[in-house]
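Notes to accompany the following structure.
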Amino acid sequence: MKLQRIVVTNDDGIEAPGLAVAEAVAQTLAEEVWVFAPATDQSGTAQALSMHHPLRVHARGARRFAVTGTPADCVMVALGTELMAGTRPDLLLSGVNWGHNLSDSVMYSGTVGAALAAAQFQCPAIALSQAFRAPEAFDFAVARAWAAPVIERLWAVRAQFGFLWNINFPSENAISGLRFTRQVCGSMRAPRLLEKTDARGQSYRWIAFERGLDAVSDPHADAVALREGFISATPLRNERHHDVCLDAVGAGAEWSLAAMEASR
Ligand code: MN
């Protein structure tokens, strides 16, 4: 596999070590690697766009740019400016995120958000994340070893469904393989905001959650794959409508105003 052009972004910011891992992976897969990454940590920004401040783009070496915005902003800059000399990427890699993006975290992940933003414009995209057991022992070894083979295999079997994947690597190197999974919610039980007091006696809060991936038990769940030592590969899509619900009510079915009035 040798693509012409890969764009690399992330949500941990242009200085993050995981970005360097993704850049190195991309170098093995493409002739040209372009980096458009947030200037600062944008974890938790999902697919958000900056609507309330302008974007500044700072060159950080050849084909490398820091953007004062979100991961999705970075994708817009890559696809919507002249900075790539009028060319389009064949693939976007987002990551490698510091920590997994599984279950409920997928909706909030800026790593995934960048991939969604690229796919919206028909650019194939892969979000890459690696779990860690202890933050101080983090080395991205599993992603470094397996990201390129996983991407190449997925690329070889890509089909008519589009190409948008959320890939999570376990923290341990003794992995069993790759499992295709569903994004299964249930890891966040409730918001629990931590209240603190600042130096002037005013209270402030940090968003946190009562959470635990152990609550997820679906055997095909992304979280379960990692728990059982597998790389998790979840195909995503941009559309959020609920197919099962829509089948139940009937896609395209209509209610007249009179029928709704009559049921009041
Ligand atoms: Mn992150």
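Atoms within a ligand are numbered from 1 in the order they appear, just like the ligands themselves.
For the residue pair N101 / S109, a side-chain donor-acceptor distance below 3.5 Å is found, with atom types taken as modelled.
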* To do: Please lay out, stage by stage, how R133 and E172 fare under the test salt bridge (Lys or Arg N to Asp or Glu O under 4.0 Å).
  => CA-CA 8 Å; R133 186 145 295 186; E172 305 300 318; 3.5 Å; yes
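With salt bridges taken as basic N to acidic carboxylate O contacts below 4.0 Å, none links D222 and R227.
The salt bridge (Lys or Arg N to Asp or Glu O under 4.0 Å) analysis of residues 90-107, with sequence neighbours excluded, yields no pairs.
Applying the 6.0 Å contact sphere to CD of E239 captures more than 12 heavy atoms from other residues, nucleotides or ligands.
Shown here are the protein N/O/S atoms lying under 2.8 Å from the Mn ion (ligand 1), water excluded: D11 OD1, D12 OD1, S43 OG, N97 OD1.
In this pair, F65 and F36 present their aromatic rings parallel. The plane angle is below 30°, not in the 30 to 60° band.
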